[in-house]
Amino acid sequence: MTRLLLIGPPGAGKGTQAARLAENYSIPAISTGDIFRFNVKNETELGSKAKAYMDAGDNVPDSLTNALIRDRLAESDCDAGFLLDGYPRTTDQVRELDEFLAGHGTALDVVVELVADPDVVVERLRKRASEQGRSDDGESVVRHRLEVYRDQTEPLIDVYDGRGVLVKVDAIGEIDVVTERITAALAVRGIELAGHASH
Ligand code: ADP
C-alpha cells in the first residue's frame, strides 16, 4: 500500500515522473490537471466550469477540485495505493485530503518535492508550448502559474515537512536520472518497487 504525492512547480516534470512511478509501483497516477483537460476536451459540465481558470493560469475553485478527487480516490483501483500529481495545491485541499484519508484510516506515506530552478522550468514550458500547444503555456500565463504556485502551493511543502513525510529530489537532469533519484529516495523510506518487496 503506497500513497504518494508529487509536488513541485509547473514544468518540474511531475506528469512525466508520475507516469513512470505509477508503472514501477503498480499504482494509479491521478493528475487533477489531466482530469480537467480531459473534461475541457470533451466539453463536459465540469470542463466548462474549469476552462476559464485553467486558461488564465489560476487554480480551479477548491469546491470543484475537492469533489472530483473525492470521487476518484473512492474508485477501487486506489485501494492498493495511488500517486497524486497536482493535488493538493492549496491549504484547503490539504485539509480535504487529510479528512478523506483519515476517514479511511490512512494518510500520505511520502511527499516527493521535485526541486527545479524557476529559470529552468520557464524554459521547459516554453519548449512544451511550441511542441504541444497547451493553452496555458503562453509566456504571461506561465509566469502567472509560477506565481500561483509560489503563493498557494509552495507553503504546503513546509506543512508536509513538518509531518516528516517530505523528501526533496533534484528535478534537473535526464528523465531517467530523476526517476532513479526518486526511486532511491522512496527506498530509503521503505517504499520498494513492485516485485521487489523486501522480506
Ligand atoms: P502544472 O503543474 O504544469 O501547472 P497541471 O496539469 O497540474 O499543470 O494543472 C493545469 C491547470 O489545471 C492549473 O493551472 C489549474 O488551473 C488546474 N488544476 C490542476 N490541479 C488543480 C488543483 N488541485 N486545484 C485547482 N486547480 C487545479
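In each ligand, atom 1 is the first atom listed, and ligand 1 is the first ligand listed.
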Numbered atoms and elements of ligand 1 in range of Q93, under 4.0 angstrom, heavy atoms: 22 (C), 23 (N), 24 (N), 25 (C)
Check this for me, if you would: do K168 and D161 make a salt bridge, where the nitrogen-to-carboxylate-oxygen distance has to be below 4.0 angstrom? no
Under 4.0 Å from one or more heavy atoms of Y87, ligand 1 contributes atoms 23 (N)
Please check: side-chain N/O of R20 versus main-chain N/O of Q17, any donor-acceptor pairing under 3.5 Å? no
Could you tell me whether a side-chain N or O of T106 sits under 3.5 Å from a main-chain N or O of A102, the two making a donor and an acceptor? no
Is there a donor-acceptor contact under 3.5 Å from the side chain of H104 to the main chain of F100? yes
Would Q152 count as a contact of ligand 1 if the rule is a heavy atom under 4.0 Å away? no
Looking at non-hydrogen atoms alone, which of M54, K14, R134 comes nearest to atom 12 (O) of ligand 1? M54
Between the side chains of R95 and D98, is the shortest nitrogen-to-carboxylate-oxygen separation below 4.0 Å, so that they form an ion pair? no
G33 heavy atoms, cut-off 4.0 Å: which ligand 1 atoms fall inside? 5 (P), 6 (O), 9 (O), 19 (C), 20 (N)
Would you check if the side chain of R124 reaches a backbone N or O of G11 as a donor-acceptor pair within less than 3.5 Å? yes
Short N or O distance, D58 and ligand 1, threshold 3.5 Å exclusive: yes
Is there any N or O on T32 that sits under 3.5 Å from an N or O of ligand 1? yes
For A18, side-chain contact (heavy atoms from CB on, under 4.5 Å) partners two or more places apart: L6, A29, L83, D85
Have a look at R124, R128, R89 and point out the one with the heavy atom closest to atom 19 (C) of ligand 1. R89
Test your reading of the structure: does G86 have an N or O sitting under 3.5 Å from an N or O of ligand 1? yes
Going by the closest heavy atom to atom 17 (C) of ligand 1, which one wins out of L146, V60, I69, L97? V60
Nearest-contact summary for atom 3 (O) of ligand 1 - protein heavy atom, Å: R145 NH2, 2.8 Å
For R37 and ligand 1, does the shortest N/O to N/O distance drop below 3.5 Å? yes
Only one of N59, T90, D58 passes side chain to side chain donor-acceptor pair (under 3.5 Å) with Q152; say which it is. N59
